[in-house]
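Here is the structure we will look at.
All heavy atoms count here, side chains included; hydrogens, waters and symmetry mates do not. Since this is a predicted model, take the numbers as computed values, not measurements.
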Amino acid sequence: MTRFNGCIDLHHGKVKQIVGGSLSDNAPEDLKTNFVSTESPAYYAELYKKHNVTRCHVIKLGPNNDAAAKEALAAWPNGLQVGGGITSDNAQAWLDNGASKVIVTSYLFPDARFSKERLVDLCNRVGKERLVVDVSCRKRDTKWIVAMNKWQTMTDMEVNQETLAMLSEYCSEFLIHAADVEGLCKGIDEELVQCLGEWVTIPTTYAGGGRNIEDLELVDRLSKGKVDLTFGSALDIFGGDGVTFEECVAWNNKH
């Protein structure tokens, strides 16, 4: 059964909601921000903990976010996953700082080409059960291609049943941002969610375009309950007016 999983997106040390496709190192002025919170990262961590919203992810979008991420982890030790800049050199340190799991994308794609060697090494270092692979993607023609480096760079990996099966041998969970619809609140990528429901064999969280509580029912139906959903910009605790945190908690408690 599909559940609501939470997120804490960090940008320059602040909890924010942004339009995913607008992140650019080359043109930072193009960044489209939907929401900047006056609350601390710890506030959101404590909120998720209080209401038992499990498998939440803290994502560091670029530099100057380590202190904010550590603050969130300290508020719910072993309750939050952390991603953004994770490598084999720092993954264990983030687990030691209280992350339940580490989330990795860009490190697996040196020069935008998939390195199975890096995946195996990371898995060996932290253990399969502590590793989440973020296969966030953008659609190109009829295919979804993994996007890295804050979704700016297209890699050589297509998201399909074969690649997800291979990756799932070395990780315990997937996080999938549909970067083309991230932050737009114009609806989920229904085709991608349906495909994920057919392809995935491990716990999977989808993020991107969620706009109201009915989207939880939609994801549950399309994925046959195999994919969970994160709300961002549409959620009231992030300044949105599409869905309330209270509704999401009630959904989880009911299901």
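Residue-environment remark: CG (D96) exceeds the threshold of 12 foreign heavy atoms within 6.0 Å. For K139, the NZ atom is densely surrounded, since the number of other residues' heavy atoms within 6.0 Å is greater than 12. Within a 6.0 Å radius of CG in D156, other residues, nucleotides and ligands contribute more than 12 heavy atoms.
Separation of atoms CH2 (W199) and OG1 (T204) is listed at 12.0 Å; rounding is to 0.5 Å. Note that the CG atom of L167 and the CG atom of L164 stand 6.5 Å from one another [nearest 0.5 Å]. Distance CD/E117 to CG/L108: 12.0 Å, rounded to 0.5 Å. Note that CD of E214 is 4.5 Å distant from CG of N212, once rounded to the nearest 0.5 Å. Atom SG of C123 and atom NZ of K116 lie 11.0 Å apart (nearest 0.5 Å). The SG atom of C7 lies 8.5 Å from the CD1 atom of I59; values are rounded to the nearest 0.5 Å.
Proximity of a side-chain donor or acceptor of D134 to a complementary backbone N or O of S136 within less than 3.5 Å is detected. Remark: the backbone N or O of V146 is paired with a side-chain donor or acceptor of T155 at under 3.5 angstrom. Side-chain atoms of N252 come within 3.5 Å of backbone N or O of F4 as a donor-acceptor pair. Checking side-chain atoms of R130 against main-chain N and O of Q92 turns up no donor-acceptor pair under 3.5 Å. Under a 3.5 Å cut-off, the side chain of N97 and the backbone N or O of A69 do not form any donor-acceptor pair. A donor-acceptor contact shorter than 3.5 Å is absent between the side chain of K224 and the backbone of G197. At distances below 3.5 Å, not a single donor-acceptor pair connects side-chain atoms of Y107 with backbone N or O atoms of L119. Checking side-chain atoms of T230 against main-chain N and O of A207 turns up no donor-acceptor pair under 3.5 Å. E173 contributes no side-chain N or O that, together with a main-chain N or O of V132, makes up a donor-acceptor pair within less than 3.5 Å.
Considering only heavy atoms from C-beta on, S172 stays 4.5 Å or farther from I202 through its side chain. Contact check for V53 versus F245: side-chain heavy atoms found under the 4.5 Å cut-off. Side-chain contact between Y206 and S223: absent, with no pair of heavy atoms (C-beta onward) separated by less than 4.5 Å. Residues R55 and Q81 meet the side-chain proximity criterion, which asks for heavy atoms closer than 4.5 Å.
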**Worked check of side chain to side chain contact (heavy atoms under 4.5 Å, CB included) between V15 and D9** = CA-CA 6 Å; V15 177; D9 292 347; 6.0 Å; no

**Request:** Run the numbers on D66 and K70 for salt bridge (charged side-chain N to carboxylate O under 4.0 Å, His left out), then give the verdict.
**Result:** CA-CA 6 Å; D66 284 1; K70 289 174 182 176; 5.5 Å; no

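The residue from L216, D220, L222 that alone fulfils the side-chain contact (heavy atoms from CB on, under 4.5 Å) condition with L218 is L222. Each of D228, T2, N5 was compared with T205 under the side chain to side chain donor-acceptor pair (under 3.5 Å) criterion, and only N5 meets it.
For the pair K101 and W94, the cation does not sit on the ring face, since its NZ or CZ is not both under 6.0 Å from the ring centre and inside 45° of the axis.
L196 and I145 fall into different hydrophobic clusters, where Ile, Leu, Val, Met, Phe, Trp and Tyr are joined by side-chain heavy atoms under 4.5 Å apart, directly or via other members. Placement of V104 and M166 within a single hydrophobic cluster is found when ILVMFWY residues are connected by side-chain heavy-atom separations under 4.5 Å, directly or transitively. Under the 4.5 Å side-chain heavy-atom criterion for ILVMFWY residues, no single connected hydrophobic cluster contains both V36 and V58. Hydrophobic cluster membership differs between M154 and M157, with clusters built from Ile, Leu, Val, Met, Phe, Trp and Tyr side chains linked at under 4.5 angstrom.
A centroid separation of less than 6.0 Å is found between the aromatic rings of F238 and Y44.
Remark: F109 engages F114 in a ring pair (Phe, Tyr, Trp, His ring centres under 6.0 Å) (not counting sequence neighbours). For F35, there are no ring pair (Phe, Tyr, Trp, His ring centres under 6.0 Å) partners, not counting sequence neighbours.
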